[in-house]
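Only heavy atoms go into these numbers, but all of them, side chains included; no hydrogens, no water, no symmetry mates. For ligands, and for the atoms within them, numbers begin at 1 and follow the listed sequence. In what follows, residues are counted from 1 in the order of the sequence shown.
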Amino acid sequence: MTRALLLFAACSLWGQGPNEANYDESKVGSYTLPDPLKMADGRPVKDAGMWRNARRPEILRLFEQQVYGRSAPAPKKLEYEVISTQSGVLGGVATRRLVTIWPAGKSPAPAIHVLLYLPANAKGKVPVFLGMNFNGNFAIANDPGVPLSKSWMRTGDHKATEKNRGIEAARWQVEKVLSRGYAVAAIYYGDIFPDHNDGWKDSIIPHISKGKPAPDDWNAIGAWAYGLSRAMDYIEKDKDLDAKHVAVWGHSRLGKTALWAGALDERFAMVISNDSGEGGAALARRNFGETVNRINTSFPHWFTGNFKQYNQRVNDLPVDQHMLLALVAPRLLYVASAEEDKWADPKGEFLAAKAAEPVYKLLGKEGLPAAEWPGIHQPAHGTIGYHIRAGKHDVTAYDWEQFLNFADKHWKK
Ligand code: GTR
């Protein structure tokens with residue numbers, strides 16, 4: 001059973017317990033969202049310049065201080081090595097490139113391994129879907145040429161095994177993405193921060209930030225987002241890739257991470273959240289499914305220390321997640337939900353995307369063309385895209401079909 005399922009089961013069993021998750025729309029209660037277009041001192045944000053120079057940095061700072069923590073600056077010079085390039089892989093449809101990045105300087109410091117697949121028939125620089133995986137790069141496709149990861153694994157004895165090769169293939173849809181003319185770039189989250197309560201000491205953080213962590217220091221999500229930005233550093237150096245058209249995407253905890261990476265790093269032209277839920281695209285103030293208290297209790301290593309102050313007083317947060325989504329503006333933003341993924345609060349994900357819209361409008365962009373929460377399988381694609389599909393917490397071929405249509409609409413004019 002996955003952690004999410006266990007928690008879900010536990011929450012239902014607890015019944016009336018203090019951590020009970022609400023799934024009753026009539027019990028959500030009322031809440032007031034902070035206005036993304038009002039400065040903390042109350043002044044209205046009048047134009048694009050004031051958003052850019054005053055309000056955007058203010059919101060970014062608040063997310064750093066209170067939610068995800070302050071990350072380290074990018075390394076002055078990226079240390080990396082292209083390990084190999086092999087054409088004719090995945091049945092001939094792809095060229096595979098393996099790259100190693102040392103975010104804190106060469107060994108013995110940790111390495112981030114990048115797996116790239118380029119369409120075999122690519123002409124010119126190729127736009128890229130960059131994501132992070134849960135089981136190692138060798139898990140995203142059935143490709144015997146990708147080495148097993150040597151990093152911590154979440155399952156079994158925490159070591160990679162052959163039987164996990166390709167187990168995330170359905171979630172990555174590599175062949176489909178390539179066939180639509182995009183490259184796939186993948187990194188493994190365990191290279192950056194092993195996903196458990198004690199992961200910090202084996203993460204990249206102590207190699208980069210010296211001394212004891214401060215209450216507003218980065219943690220797992222901050223470190224994973226940092227890894228995505230280092231992969232982006234590499235993409236900028238690869239002559240075969242179009243660094244101006246990179247979509248950063250992620251599922252669940254890695255969807256939260258993709259959003260944070262996209263907020264911090266404006267080189268990402270598109271940001272995609274798939275079922276990211278609490279601490280991702282879902283409104284924190286909406287009491288439905290997972291809560292701030294629950295997520296900080298189950299996963300104390302994900303967010304910054306300060307975030308725990310809000311466990312019992314979510315309404316005191318100076319931000320809510322629509323403001324994280326607004327930090328992506330005016331760039332392309334996609335939020336995907338799943339009907340049965342109640343834990344992630346699909347409606348709260350839609351409402352957050354909708355509440356980010358005034359910032360897009362201020363910047364002269366379309367926003368999200370859906371006045372109401374759309375029905376199942378009725379994607380709405382503006383500058384903000386949204387869909388909810390049937391089924392459970394997962395990434396499916398349907399989700400990819402929408403992400404690719406959205407990218408085509410904006411990038412293949
Ligand atoms: C759950 C967690 C969610 C989500 C999910 C996942 O246990 O409560 O916030 O991140 O894990 O990442 O699969």
I need the minimum non-hydrogen distance between Arg389 and Val395, along with the two atoms involved.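 In terms of heavy atoms, the two residues are closest at NH2-N, 4.2 Å.
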If you measure from each non-hydrogen atom of Ile295 to ligand 1, which part falls under 4.0 Å: side chain, backbone, both or neither?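 Side chain only.
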Residue part near ligand 1, for Lys256, under 4.0 Å between non-hydrogen atoms: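 Looking at Lys256 and ligand 1, just side chain atoms fall under 4.0 Å.
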Give the atoms of ligand 1, by number and element, whose distance to some non-hydrogen atom of Trp302 is under 4.0 Å.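 Result: 9 (O), 10 (O).
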Report the member of Gly279, Ser298, Ser252 with the shortest heavy-atom distance to atom 13 (O) of ligand 1.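 Looking at heavy atoms only, the winner is Ser252.
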Heteroatom distance test (Glu290, ligand 1): nitrogen or oxygen, under 3.5 angstrom: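 Yes; at least one N/O pair falls below 3.5 Å.
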Counterpart residues, salt bridge (charged side-chain N to carboxylate O under 4.0 Å, His left out), relative to Lys163 (two or more places apart):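 With neighbours one apart ignored, the set is empty.
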With the threshold set at under 4.0 angstrom, would you say His251 reaches ligand 1 through any of its heavy atoms?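 His251: no contact with ligand 1 (<4.0 Å).
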Looking at Tyr189 versus Phe134, is the centre-to-centre ring distance below 6.0 Å?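 Yes, the ring of Tyr189 comes within the 6.0 Å limit of the ring of Phe134, centre to centre.
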Between Phe129 and Trp400, is the gap from one ring center to the other below 6.0 Å?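 Yes; Trp400 has its ring centre under 6.0 Å from that of Phe129.
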Flag this pair as yes if the NZ/CZ of Arg253 is under 6.0 angstrom from the six-membered ring centre of Phe299 and inside a 45 degree cone about the axis; otherwise no.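 Verdict for Phe299: a cation-pi partner in Arg253.
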